[in-house]
Amino acid sequence: MTSQESKSAPVDRASTRLEFADVHVTEKGHIVVLAGTPHPTADSGHVSGDDPRDFDEGIAWNQPWSDTVGLKEPFEPSYDVDFNRLLIHDGQGWSRIRLPKELPSGRVAPVLQVLGFYWGLAVFGASAVAHQYPSGAWTAEEAAGPPGLDLENGVKHEGLSYVICATHGLGQFVPTNRGPLFKRLKAQQENLRGFHTHEDTLFVFGDGGLWALQGEALEPRYLTRAGVRSVHPGPDGGLYLATHEEVLFLPAGSDTATPLRLPEGRLRSVAAFQGHVFVAVGAQVIRVDRARHEALEVPTPAPGFAKLKVTGGRLWAVFPHHLAFSTDGKSFEAVAFR
């Protein structure tokens with residue numbers, strides 16, 4: 001046996017059995033991760049759910065991911081997955097809490113957003129919103145409004161909380177003594193997906209393209225049949241628009257978007273960080289420059305595709321079972337959970 005063969009394998013301190021959906025860094029620098037518990041038997045390992053065993057039987061959540069859970073392909077978060085755990089690092093260590101039971105099982109959207117008012121950092125579950133009190137405790141409130149609320153996303157803009165409902169489209173959360181009230185805006189809308197705030201403008205994007213919210217009206221900014229999945233800040237006031245297949249650059253004041261040259265492969269996620277565009281293509285994270293592309297080395301103790309997000313002054317790569325972050329857009333560091 002050679003000296004190289006005798007070296008022990010590196011210790012995995014980064015992967016967990018939980019499935020990760022999103023990450024957020026608070027103003028205090030606390031890291032909050034939205035996660036779910038795998039169901040390797042009932043669901044063939046493809047989704048997560050409220051498995052009481054990990055609480056009631058004391059199964060340690062931060063044990064390393066193992067391929068024995070039965071995952072046949074990398075996991076991709078979806079709205080139907082029940083992400084009902086929060087992992088919180090307060091600068092000293094990790095703690096785990098269960099989201100309030102008032103959030104309907106199986107209908108927790110895989111996003112963490114800051115909604116403002118007294119809702120603060122929030123998670124959306126069907127017709128209820130879970131949010132964090134200033135004390136740090138989490139609670140859930142049922143949203144009043146038309147029947148069939150399927151809350152998917154939200155944002156704070158100019159002191160107001162806007163939300164997207166799968167059934168009723170774009171609206172506002174109006175605080176009342178009985179909890180939040182969903183008030184649908186009069187704007188004509190269809191298949192909206194998310195928000196992007198840029199300077200003083202709130203943009204809304206979805207299957208038809210990109211719109212700017214003016215009062216209660218949606219003014220078309222860029223329309224495309226390809227649909228827009230995410231929006232990111234670009235140079236000189238421009239915007240990067242990510243579709244299912246490409247990234248477009250839309251200059252400020254222009255109605256013509258130019259596609260970026262991307263490496264081959266399925267486009268899974270996009271982020272803009274420190275003046276560069278980053279894409280997750282296949283299992284790689286790639287920095288896209290005009291002259292060249294550079295595949296970055298990202299710690300991958302477990303398989304899966306990255307969801308890219310900028311929060312807390314860092315670029316995050318959210319994998320199904322582990323996290324990594326970059327402070328300079330050149331190298332990534334894995335987050336240790338034990």
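Please read these numbers as outputs of a predicted model, since none were measured by experiment.
Taking the ring centroids of Trp211 and Phe203, they lie at or beyond the 6.0 Å cut-off. In this structure, Trp138 has its ring center no closer than 6.0 Å to that of Tyr133.
Side-chain contact of Asp328 with Gln274: a donor-acceptor pair under 3.5 Å is absent, judged by distance alone. Using modelled atom types and a 3.5 Å distance limit, the side chains of His24 and Thr26 yield no donor-acceptor pair.
Residues satisfying the side-chain hydrogen bond (donor to acceptor under 3.5 Å, both in side chains) test with His244, not counting sequence neighbours, are none. Residues satisfying the salt bridge (Lys or Arg N to Asp or Glu O under 4.0 Å) criterion with Glu294, sequence neighbours excluded, are Arg287, Arg292. Every residue two or more places apart in sequence or in another chain that forms a side-chain hydrogen bond (donor to acceptor under 3.5 Å, both in side chains) with Ser127 is listed here: Glu142.
Applying the 6.0 Å contact sphere to NZ of Lys156 captures no more than 12 heavy atoms from other residues, nucleotides or ligands. Surrounding CD of Gln63 are more than 12 heavy atoms belonging to other residues, nucleotides or ligands, all under 6.0 Å away. At most 12 non-hydrogen atoms from other residues, nucleotides or ligands lie less than 6.0 angstrom from CZ of Arg13.
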One pair to check against side-chain contact (heavy atoms from CB on, under 4.5 Å): Ile31 and Trp94. What are the steps and the verdict? CA-CA 9 Å; Ile31 302 171; Trp94 288 99; 4.0 Å; yes
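Taking the six-membered ring where the residue is Trp, His322 and Phe319 present parallel rings, their angle staying beneath 30° rather than reaching 60°.
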